[in-house]
Amino acid sequence: MFSPPQNMNEEAEVIVVGGGPSGIAAAGALSALSIPYLLLERADCFAPLWQRHSYDRLHIHLPKHTCQLPHMPIPDDWPKYPPKSLFVQYLQRYVSHFRINPVYNRSVESASYDNASGRWRVAARDVSPGGTGAVEEYSARFLVVATGESCDPFVPKVEGLESFGGKVMHSTEYKNGEEFAKKRVLVVGSGNSGMEIALDLASHGAITSIVVRSPVNFVTREMLNWAVVLVKYLPFHWAEKITMIASRLWFGDMSKFGIPKPEEGPFTMKMKYGKYPLVDVGTCAKIRSGEIQVLPAVKSIRGNEVVFENGRSHSFDVIVLATGQTVAQGQGRGLHPGRRRDREAELSEQVERKERLVLRGTVEKRVLRSCARRPGRRERHKGASVTSPDVAKENCGGKPLL
Ligand SMILES: Cc1cc2nc3c(=O)[nH]c(=O)nc-3n(C[C@H](O)[C@H](O)[C@H](O)COP(=O)(O)OP(=O)(O)OC[C@H]3O[C@@H](n4cnc5c(N)ncnc54)[C@H](O)[C@@H]3O)c2cc1C
């Protein structure tokens with residue numbers, strides 16, 4: 001097993017950008033193959049999304065075997081859907097086992113491929129608190145971009161938001177509903193985070209409302225698992241249709257409660273708009289029982305009064321913006337170029353040709369999503385197949401391809 005270079009000036013074979021689960025999976029796989037690498041992470045810990053920016057009651061939505069990293073399964077005796085605390089513990093074990101030693105507080109600002117030397121030049125700013133802020137240069141033959149689908153909290157423009165008299169927080173700051181008991185809380189955003197935060201608030205005795213603007217495809221965890229199996233054996237639209245029927249039978253007509261009925265299925269919506277199906281863990285029951293009130297889009301805010309698109313207004317003490325994340329401004333020149341469509345087409349061809357990149361299993365797909373947008377020449381390194389620089393050369397951190 002290989003330990004990453006301790007001396008930062010020592011040249012690595014591979015630079016991995018991003019120390020989330022995908023980045024540490026890449027590091028683990030490289031380590032297992034004794035390929036020297038350097039992992040650059042802009043936060044001061046690995047998997048900050050899981051360790052810092054998610055709520056307490058979070059559990060992984062997919063069965064554990066689909067979320068485990070290469071070469072180290074999640075223990076058999078752990079629950080099928082481990083809570084965040086166990087998942088973080090698993091990541092911690094992984095990092096220790098493979099002696100993954102990220103260079104923290106390094107925000108990659110650009111990456112370019114130098115044809116003459118056949119190496120990537122990666123510029124990363126030292127963003128350590130009290131640090132120099134200097135830009136350092138790293139170099140390697142291969143580049144893996146594992147910067148995730150989203151990064152910084154997205155705060156929508158809402159007329160009068162700054163005038164709101166109560167507390168406004170983003171879902172990435174929300175931990176649990178303890179402090180909100182008996183408070184009137186409005187959750188803006190009805191993705192998985194928003195729905196689960198609304199459930200958490202209602203369970204803690206908050207007077208909870210949630211804004212749902214667009215159609216939602218609810219699924220249970222089991223439906224999601226079955227759908228993944230079905231698409232392997234049935235044409236896509238059949239698998240989707242069956243999932244929609246199951247959803248309708250299980251959840252009933254949620255439009256009665258103010259949630260627009262979906263015209264399109266969960267996977268079509270994911271592919272077309274990047275919208276994940278909603279894995280319900282109890283929110284629907286609370287909406288049906290009236291413990292969570294569903295409201296239409298917000299029009300404006302005046303003091304504590306929020307005006308909605310149906311012309312009605314309600315007062316709130318707290319607003320939780322579960323409005324998602326956005327790719328950081330100016331992040332990683334060379335890491336997010338355009339022409340994604342071309343890359344997608346080319347990558348599909350590559351997948352059809354069954355060319356494989358360096359990692360295996362689910363994580364391989366994640367890293368493919370993160371780093372590959374065009375087929376690369378396969379190169380041999382110490383017996384392992386490694387992506388050619390071309391693979392990462394015009395990569396981007398966009399939506400999943402596979
Ligand atoms: C609330 C919530 C719940 C979720 N639940 C699940 C779930 O149940 N199951 C599931 O499979 N997925 C879930 N996800 C999706 C989640 O995105 C993945 O589980 C996983 O975190 C993705 O890993 P990643 O490494 O690709 O991206 P991330 O975890 O986003 O990691 C990307 C890393 O790159 C770093 N980075 C970004 N830009 C730079 C830069 N320029 N320089 C250096 N470093 C950089 C970031 O700091 C971060 O550490 C959830 C997400 C959220 C927000």
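A quick note: this is a predicted structure, and the numbers were derived from the prediction, not measured. Each ligand, and each atom within it, is numbered from 1 in the order the structure gives.
- Ligand-side atoms of ligand 1 in range of Ser193: 1 (C), range being under 4.0 angstrom from any heavy atom.
- The closest heavy-atom contact to atom 51 (C) of ligand 1, among the options Leu62, Val145, Leu49, comes from Leu49.
- The closest side-chain heavy-atom distance from Lys270 to Glu264 is not below 4.5 Å.
- Heavy-atom proximity to Ser107, at under 4.0 Å, picks out these atoms of ligand 1: 42 (N).
- A donor atom on one side chain and an acceptor atom on the other are found under 3.5 Å apart for Ser209 and Gln293.
- Distances from atom 26 (O) of ligand 1 to the heavy atoms of Cys67, Ser22, Pro21, Ala47 put Ser22 nearest.
- Of the listed residues (Thr147, Val279, Val127), the one carrying the non-hydrogen atom nearest atom 39 (C) of ligand 1 is Thr147.
- Interface of Leu40 with ligand 1, defined as ligand atoms under 4.0 Å from a residue heavy atom, comprises 43 (C), 44 (N).
- Backbone and side-chain nitrogen or oxygen atoms of Arg42 are examined, and one is located within less than 3.5 angstrom of a nitrogen or oxygen of ligand 1.
- Neither the backbone nor the side chain of Phe46 has a heavy atom within less than 4.0 Å of ligand 1.
- Side-chain contact, Asp200 with Ser203: no donor N or O sits under 3.5 Å from an acceptor N or O.
- Proximity to Ala146 (heavy-atom distance under 4.0 Å) selects the following atoms of ligand 1: 32 (C), 33 (C), 34 (O).
- A donor-acceptor contact under 3.5 angstrom links the side chains of Tyr55 and Glu196, judged on distance only.
- Residue His61 has at least one N or O atom closer than 3.5 Å to an N or O atom of ligand 1.
- The line from CG of Leu30 to CG of Leu39 is 9.5 Å long, rounded to the nearest 0.5 Å.
- Remark: ligand 1 atoms within the under-4.0 Å shell around heavy atoms of Pro48 are 47 (O), 49 (O).
- Put simply, the side chain of Phe251 reaches to within 4.5 Å of the side chain of Asp280, judged on heavy atoms.
- Within the listing of ligand 1, atoms 7 (C), 8 (O) sit less than 4.0 angstrom from a heavy atom of Ile60.
- Heavy-atom proximity to Leu58, at under 4.0 Å, picks out these atoms of ligand 1: 3 (C).
- In this structure, Tyr81 falls outside the shell of residues with a heavy atom less than 4.0 angstrom from ligand 1.
- Considering backbone and side-chain N/O atoms, Glu41 comes within less than 3.5 Å of an N/O atom of ligand 1.
- When the shell of 6.0 Å around CD of Glu178 is examined, it contains 12 or fewer heavy atoms from other residues, nucleotides or ligands.
- The closest approach between any non-hydrogen atom of His59 and ligand 1 is below 4.0 Å.
- Listed by first and then second residue, the side-chain hydrogen bond (donor to acceptor under 3.5 Å, both in side chains) pairs that reach into residues 222-232 are Tyr81-Asn225, sequence neighbours excluded.
- Using cut-offs of 30° and 60° for the angle between ring planes, the Trp78 and Tyr90 rings count as perpendicular.
- For ligand 1, the atoms lying closer than 4.0 Å to a non-hydrogen atom of Arg106 are 42 (N), 43 (C).
- Under the 4.5 Å side-chain criterion, counting only non-hydrogen atoms from C-beta, Phe87 is not in contact with Leu58.
- Within the structure, the closest approach of Glu196 to ligand 1 does not fall below 4.0 Å when heavy atoms are considered.
- With sequence neighbours left out, Tyr104 forms a ring-ring contact (aromatic ring centres under 6.0 Å, His included) with no residue at all.
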